[in-house]
Structures are given as C-alpha cells and as structure tokens.
Amino acid sequence: TTDNELLQALALVSLIEDGWVEPLVPPPRPVHLVAQQLLACVLSEGRVGRSAWPGSLLDVGSIGELGAGDLEAVADHMVARNILLDLGGVLQIGVQGERLFGRRHFMDVTSLFLTEPLLSVRWGGRLLGQVDPSALASREGRRPTILLGGQSWAVGDVDWHRRVVWVEPSDDPGRSRWAGSGGALSIEVCHAIRRVVGSAARPAATTRRAVAQLDLLREDFPFAADDRTTLERDQARQRTRWWTFAGGRANAELARRCAAAGIAVGGTDDLSINLLGMPPIEAVQAAVAGPAAEWGVPPARRDAVKFSEAVPESALDAMVRARDADTDGVARVLVEAATVA
C-alpha cells in the first residue's frame, strides 16, 4: 500500500528467486543474559558456588563473543552492587538483589526481554511508525533527525522505558524518498532494492498497478546500478544525498565517520545519507575510509536493557555498540565505486 512496502516486497521476491535465505545470527555480546542466568541459578538453588561459575555457560557465552573474563566481571559487579553476596566463595542473593529480583519480581527473571526492541515515533498524538534505536545516534552534539513517512523529523525527547520517541517536523531541506519503518534493513535487502529500481525488467509476480508505480519510482533513481554508490547533488539547496543502499546500521556508521572528518551530516535512512553541503567526492571517500567513529552510549539506552542493574556499564556499552554496528555493510560500501549525479 506504500512505495517502500512495494520496493521491499519486490526486493524480497528477487532474493527468493536467487535462493537467498537470511542467515540466523544471534545478537552479539548478550551480557545482560549472563546476569539473568546467574540470577536464575541463585534464586532457584538458593546458592551457587563461585567455583562452579560460569561452568557450562562459558561455552554458550563464547558463541555470543563473550569470554570467561566477561562472565566473571558480571559476577563481580553483582557482588559489588550487593545484588549477590559472596560468602566464602558461595554466592547468595543480596539485599539489592532481593529488592530488584526477588519475591514478586521473581517472574521477571524467567523472561529475557521486556518488549520488542523497536521505538514508537509520535508527533503529538499521532503515531508515525517505528524505528530502530540505532537511528537515534547523534553526531557532534546535534539533535538526531530521522526520516519517516517521507518527512524529516527532529527528535525532541526519548522515553526509553515506554520506548517512545517524540518528534517534530524538521526544517532540514533534504528530501527523503524512502519512508522507513521498523528495524534497519540489511544490506542484502537494500542491494536487492537497488537492483529493482536500477533495472528496466519487469519483476516477477507484479500486477499492472505495481508495474506502473514501479516505473514512477524508477524515475527517481536513474543512477541506481550494482556495485556503485552515488552522491546526488541538490545545487539549489546546497545539499547532497549519498545513495549507498547499505542498510540503516551501516549508514549510521558511515555518517559518524563523515561527521568525525568535519563533513556536516543530516539524517540517515536505510538507503542514503543526507550531507549538509556539497563535499567533494574525494573528501567523502577519505572520511569513510578512516577508523570506526567513537560514540557515547546514552545512559537511557543502557537503562532500557533488562537486567542492566546487574551488568557493568562498560559491558552494556560494548553490547549496544556491537549491536548497532554493521562492519560487513560498511566494508562492502568502501569497495564500491562512487559517482556523482
């Protein structure tokens, strides 16, 4: 019923015809679930010998890129916070642990997640859609701008506990021809979209109405081609939109690298990055070829993680950064040719 749904559907049909199946990859560094497992053991057994920790959980943790040191750090943190007591090498529930997770809160320990990880976007009383938390990463102290429903929205406030983002229309003149919603798309899906809009062929399983609408959308992407990104110049507004077709997480990292190199950045979406100005293509390429940009994890982002009280802040930050990253998507953008339209 919308342009983005049409393009996503055609992209998925294309991927299915190619035999592609999205791989099941566990989210990296689930350190908060380490805390959940230790709490569950202590609450159910009454006590756990320190020598028995982490035991068989170490093999499971290694799948999630967590080592023995990470698991031990969680136990040490819980003891330091009085969530657990270490009585001569025996771990028992502490005063803080009883308050946070014992008695009437015990059932919270049996579930891993509070809600789905998406954030609802609202303008006043109107629900605009949902976005992935990575879309709210700010650069150089700038207020985040998200692209949703064909409109740029400036983030006013974020209620992490209710998982609501309050926004207002943005004066950013950059166009958003991609209306995203939900979680960030993968680079495979975005590349399939690029193939759909960059080809003159009629995709399979399309109606006459779908073909007619696709023809209109293709007029907006005359530059779309495999193995190529494009900087689309808007001379009148002195803006540039870099069409990477890399996915939301990769674009967020590329935008941070541009900002770190002094290139002003507006919003990002799954397909593109809005650059404020007309930076030379060589400057953009040099900026994104640099090291990964450092960025601070907002405290509210940590607090939104279940069992965050039982996990060191540094471990939570590492988990959030790892889950917002797309190193493969960034690497694939870097090897593609860049052109100017």
Side-chain angles (χ1 to χ4, degrees), residues 1-28 116-121 128-137 144-153 165 174-199 203 210 213-214 217-218 220-221 223-230 232 241-256 265-274 288 320 322-334 336:
T1 59
T2 65
D3 291 343
N4 64 318
E5 289 176 354
L6 174 63
L7 290 178
Q8 286 189 37
L10 293 175
L12 292 174
V13 169
S14 172
L15 290 170
I16 291 170
E17 291 177 336
D18 293 341
W20 180 79
V21 178
E22 185 175 11
L24 290 175
V25 180
E116 61 180 350
L118 301 180
L119 303 173
S120 298
V121 182
L128 302 175
Q130 294 179 310
V131 296
D132 191 273
S134 62
L136 304 185
T145 302
I146 60 178
L147 303 173
L148 193 65
Q151 168 70 46
S152 296
W153 303 93
V165 182
R175 288 184 299 165
S176 172
R177 290 179 295 192
W178 179 252
S181 65
L185 297 181
S186 67
I187 192 171
E188 288 81 9
V189 174
C190 293
H191 278 183
I193 291 173
R194 182 170 64 181
R195 289 194 299 272
V196 168
V197 297
S199 170
Q213 187 62 26
L214 178 58
L217 292 173
R218 283 172 169 169
D220 288 335
F221 298 94
F223 48 80
D226 285 346
D227 303 319
R228 185 174 73 188
T229 69
T230 302
E232 184 185 25
R241 185 164 293 279
W242 184 18
W243 294 96
T244 63
F245 296 92
R249 297 182 189 278
N251 280 344
E253 171 59 24
L254 292 168
R256 286 191 289 266
V265 179
T268 67
D269 57 26
D270 287 308
L271 303 185
S272 65
I273 302 169
N274 184 29
V288 298
V320 171
R323 295 187 173 194
D324 280 2
D326 184 0
T327 54
D328 177 65
V330 171
R332 292 170 68 175
V333 170
L334 298 182
E336 292 189 334

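- Closest approach of T268 to A255, counting heavy atoms only: CG2-CB, 3.6 Å.
- Of all heavy-atom pairs spanning S186 and W20, the tightest one is OG-CH2, 4.5 Å.
- In this structure, F221 and W243 have perpendicular ring planes: the angle between them is above 60°, well past the 30° mark.
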With side chain to side chain contact (heavy atoms under 4.5 Å, CB included) as the test, would you mind laying out the steps for L15 and R195 before giving the verdict? CA-CA 10 Å; L15 290 170; R195 289 194 299 272; 3.6 Å; yes

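- Note that CD of Q213 is 7.0 Å distant from CG of L6, once rounded to the nearest 0.5 Å.
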Give the intermediate values and the outcome of side chain to side chain contact (heavy atoms under 4.5 Å, CB included) for residues V131 and W153. CA-CA 12 Å; V131 296; W153 303 93; over 6 Å; no

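- The closest donor-acceptor contact from the side chain of R241 to the backbone of T230 lies at 3.5 Å or more, if one exists at all.
- The minimum heavy-atom distance between L185 and D270, with the atom names listed, is N-OD1, 2.9 Å.
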Worked check of side chain to side chain contact (heavy atoms under 4.5 Å, CB included) between L10 and I193: CA-CA 7 Å; L10 293 175; I193 291 173; over 6 Å; no

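- Without hydrogens or angle criteria, R249 side chain to R323 main chain gives a donor-acceptor distance under 3.5 Å.
- Here the closest non-hydrogen pair linking D227 and R194 is N-NH2, 3.3 Å.
- Closest approach of T229 to E336, counting heavy atoms only: CG2-OE1, 3.3 Å.
- Formation of a donor-acceptor pair under 3.5 Å by the N251 side chain with backbone atoms of D269 is found in this model.
- A pairwise comparison of heavy atoms in R228 and F223 identifies NH2-O, 2.5 Å as the closest pair.
- Rounding to the nearest 0.5 Å places CG of L254 at 4.5 Å from CD1 of I273.
- Looking at V333 and V288, their side chains never come closer than 4.5 Å, going by heavy atoms from C-beta outward.
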Take L7 and L217 through the side chain to side chain contact (heavy atoms under 4.5 Å, CB included) test and state the conclusion after the steps. CA-CA 9 Å; L7 290 178; L217 292 173; 3.9 Å; yes

